[in-house]
2 protein chains.
Amino acid sequence: MIYADRMPLTILLVDDEPLVRAGLRAVLEAQPDIEVVGEAADGAAVIPLVRRLRPDVVAMDVRMPLMDGIEATRAVLRTVPDPPKIIMVTTFENDENVYGALRAGADGFLLKRARPAEIVHAVRLVAEGDSLPFPAAVRRLAASYGENDGNAEARAVLSRAALTRREEDVLRLMTRGLSNAEIAAHLVVGAETVKSHVSSILAKLGARDRTQAVITAYESGFVSPG
Amino acid sequence: MIYADRMPLTILLVDDEPLVRAGLRAVLEAQPDIEVVGEAADGAAVIPLVRRLRPDVVAMDVRMPLMDGIEATRAVLRTVPDPPKIIMVTTFENDENVYGALRAGADGFLLKRARPAEIVHAVRLVAEGDSLPFPAAVRRLAASYGENDGNAEARAVLSRAALTRREEDVLRLMTRGLSNAEIAAHLVVGAETVKSHVSSILAKLGARDRTQAVITAYESGFVSPG
DNA sequence: GATCGTCTCCCCCGTACGGGGGGAGACCGG
DNA sequence: CCGGTCTCCCCCCGTACGGGGGAGACGATC
């Protein structure tokens, strides 16, 4: 079927790794009818973004530091009227969390090492409502593309990590408006140590600077006003 | 936020209820740099006391038997040279009299149910003079009257000098994690212009950097997560 | 034992940031 | 008319910030 849609297909990317977001964006934006309307570094930031951007599709990582894809999916479907289609993104086809996400109401499932054309295909199918890669289809996908890749998607296979305790401590103090030096004093460690933690936090949250990290902390419910 | 104290901050309490005065005194005197220099039971007694004690701040109830907070504020500002900062104290955030008092020249308002730390914070902010909240936050407060109770920090202070429209624009973009350059591009102005606005915002909010400004924006309800 | 992650601390380095000034044109209300 | 506010632009300058490395110590895990 040929679609001469004037309205581009809008999509929101949610992944804690900037690299993955950049990759997905590059692949998807190459399509004239697909428009990436937003990015988020954590699942908990999704709801406000969905409300504001109202994307057709949300491509969401399963594992993320503050709120994982399952929780986020559940939250979106529970609180947003006329919710977008949700595609779970994962590195491993046997990721048990994927099934949990699908039970939570996700519409599809996508392997990070899928080829660009496959990614585009999956997004289009899900957007059209024919929810596709379900567990059954997952096996097919895994079977067809699971063996060899060595493709450029190797970058996606990175270890993701949640914030460590210390990093949470630091982030919490960041949300109180403290400078690195002040945080160091509070935690009774060196300023260089704090800098290290801050860098890790920024990387994990996909934030460019401490301000963005604090915003993510608020948007995710890591801290709340009042 | 970190406060570098200079001279002790003197304050005069004006409330017809001894209990409230005692509560405020207890909270404020717990601070080494804050000194309650006097008390009054009615607005009518304020002027001579202010003249004699010359407090930095007057915390004044809105409603009092003989002379209410509005009248008293007006009287002080009209007759006392180099008048103190005036904080209106009230029970309800949607108290119409509060707005009247603010129009009369009060420097901020404070909810009686605010937590101690927030009361102290509010007093300090007002005393420093360079602290201000947003009309939008106040409106939102009035709208959400009766819903929640915490987060009085944001509601604690309102000032005559609010953010200008342009400053609100800039702050809003700051809360989305944009850099000065990006904000400039968004608003189609020069980067130097944005820097000016940011500096004004920081000064008005009593923030040291953009991160603190964003925090204040969240804490005040200027923006809210989800 | 070996490996891994965390926490700690250190180096260099570029730059966005924020403070300190000043100033000009437009508008509005007194 | 004038003063005040808002808007915008420019300068210099110091520094906190963040990226890029690396490394030692400790505990848990295998």
Side-chain angles (χ1 to χ4, degrees), chain A residues 16-19 22 41 63 65 157-217, chain B residues 1-2 4 103 105 128-132 134-135 159-217:
Chain A
D16 54 328
E17 291 178 36
L19 210 56
R63 307 184 197 181
V157 187
L158 295 175
S159 65
R160 66 202 56 258
L163 295 184
T164 67
R165 269 178 212 154
R166 209 51 166 168
E167 286 162 356
E168 287 191 356
D169 293 338
V170 172
L171 178 56
R172 200 164 287 111
L173 292 174
M174 286 167 69
T175 65
R176 303 299 301 171
L178 299 190
S179 68
N180 287 342
E182 289 166 343
I183 292 172
H186 262 260
L187 298 180
V188 197
V189 297
E192 300 299 327
T193 301
V194 175
K195 284 182 61 176
S196 290
H197 289 314
V198 170
S199 289
S200 296
I201 291 168
L202 297 185
K204 288 184 178 180
L205 297 187
R208 187 176 50 196
D209 50 49
R210 71 200 296 105
T211 302
Q212 287 190 353
V214 167
I215 291 170
T216 299
Chain B
M1 228 168 278
I2 306 297
R103 280 194 297 272
E128 286 167 7
D130 57 339
S131 58
L132 357 159
F134 333 79
S159 170
R160 278 168 291 186
L163 296 184
T164 68
R165 271 181 215 143
R166 208 50 166 172
E167 287 162 355
E168 287 193 357
D169 293 339
V170 171
L171 178 56
R172 200 164 288 113
L173 292 174
M174 286 168 69
T175 64
R176 295 178 59 173
L178 273 59
S179 67
N180 287 343
E182 290 167 343
I183 292 173
H186 261 260
L187 298 180
V188 197
V189 297
E192 299 300 327
T193 300
V194 174
K195 285 183 61 177
S196 289
H197 289 315
V198 170
S199 289
S200 297
I201 291 168
L202 297 185
K204 288 184 176 180
L205 298 187
R208 187 177 49 198
D209 49 49
R210 69 199 299 107
T211 302
Q212 287 191 353
V214 167
I215 291 170
T216 301

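For the numbers below, each heavy atom of this structure counts, side chains included, while hydrogens, waters and symmetry mates do not. Reminder, nothing fancy here: chain letters follow the sequence lines and each chain counts from 1.
Look at A:Glu167 and A:Arg172 and you find no salt bridge, because none of the NZ, NE, NH1 or NH2 atoms lies under 4.0 Å from a carboxylate O.
As a whole-Å value, the separation of B:Leu202 CG from C:dA16 P is 18 Å. To the nearest angstrom, P of C:dA16 lies 14 Å from CD1 of B:Ile183. Nucleotide C:dC17 holds its P atom 16 Å from the CD atom of B:Gln212, rounded to whole Å. In this structure, CG of A:Leu178 is placed 15 Å from C1' of D:dC17, rounded to the nearest angstrom. Straight-line distance from the CD atom of B:Glu182 to the P atom of C:dA16: 11 Å, rounded to whole Å. Rounded to an integer number of Å, the gap from CG of B:Asn180 to P of D:dG18 is 14 Å.
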Worksheet item: Under the side chain to side chain contact (heavy atoms under 4.5 Å, CB included) criterion, do A:Val189 and A:Ile183 qualify, and how do the steps go?
Response: CA-CA 8 Å; A:Val189 297; A:Ile183 292 172; over 6 Å; no

Practice prompt. May I have the step-by-step check of side chain to side chain contact (heavy atoms under 4.5 Å, CB included) for A:Val198 and A:Val194, ending in yes or no?
Written response: CA-CA 6 Å; A:Val198 170; A:Val194 175; 4.0 Å; yes

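Without hydrogens or angle criteria, B:Ser199 side chain to B:Lys195 main chain gives a donor-acceptor distance under 3.5 Å.
Residue B:Arg208 places none of its side-chain N or O atoms closer than 4.0 Å to OP1 or OP2 of C:dG18.
Between A:Thr211 and the choices B:Leu178, B:Ile215, B:Asp209, B:Val214, the side chain to side chain contact (heavy atoms under 4.5 Å, CB included) rule is met once, by B:Val214.
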Detail all sub-3.5 Å separations between protein N/O atoms and N/O atoms belonging to nucleotides 7-9 of chain D.
| unit_1 | atom_1 | unit_2 | atom_2 | d |
| --- | --- | --- | --- | --- |
| D:dT7 | OP1 | B:Arg166 | N | 3.2 |
| D:dT7 | OP2 | B:Thr164 | OG1 | 2.5 |
| D:dC8 | OP1 | B:Arg166 | NE | 3.3 |
| D:dC8 | OP1 | B:Arg166 | NH2 | 3.1 |
| D:dC8 | OP2 | B:Arg166 | NE | 2.9 |
| D:dC8 | OP2 | B:His197 | NE2 | 2.9 |
| D:dC9 | OP2 | B:Gly190 | N | 2.7 |
| D:dC9 | OP2 | B:Thr193 | OG1 | 2.2 |
| D:dC9 | O5' | B:Thr193 | OG1 | 3.2 |
| D:dC9 | N4 | B:Ser196 | OG | 3.1 |

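Positionally, the nearest nucleotide of DNA chain D for B:Lys195 lies more toward the 5' end than for the other of B:Asp209 and B:Lys195.
Between the CG atom of A:Leu202 and the CZ atom of A:Arg210 there is a distance of 8.0 Å, given to the nearest 0.5 Å.
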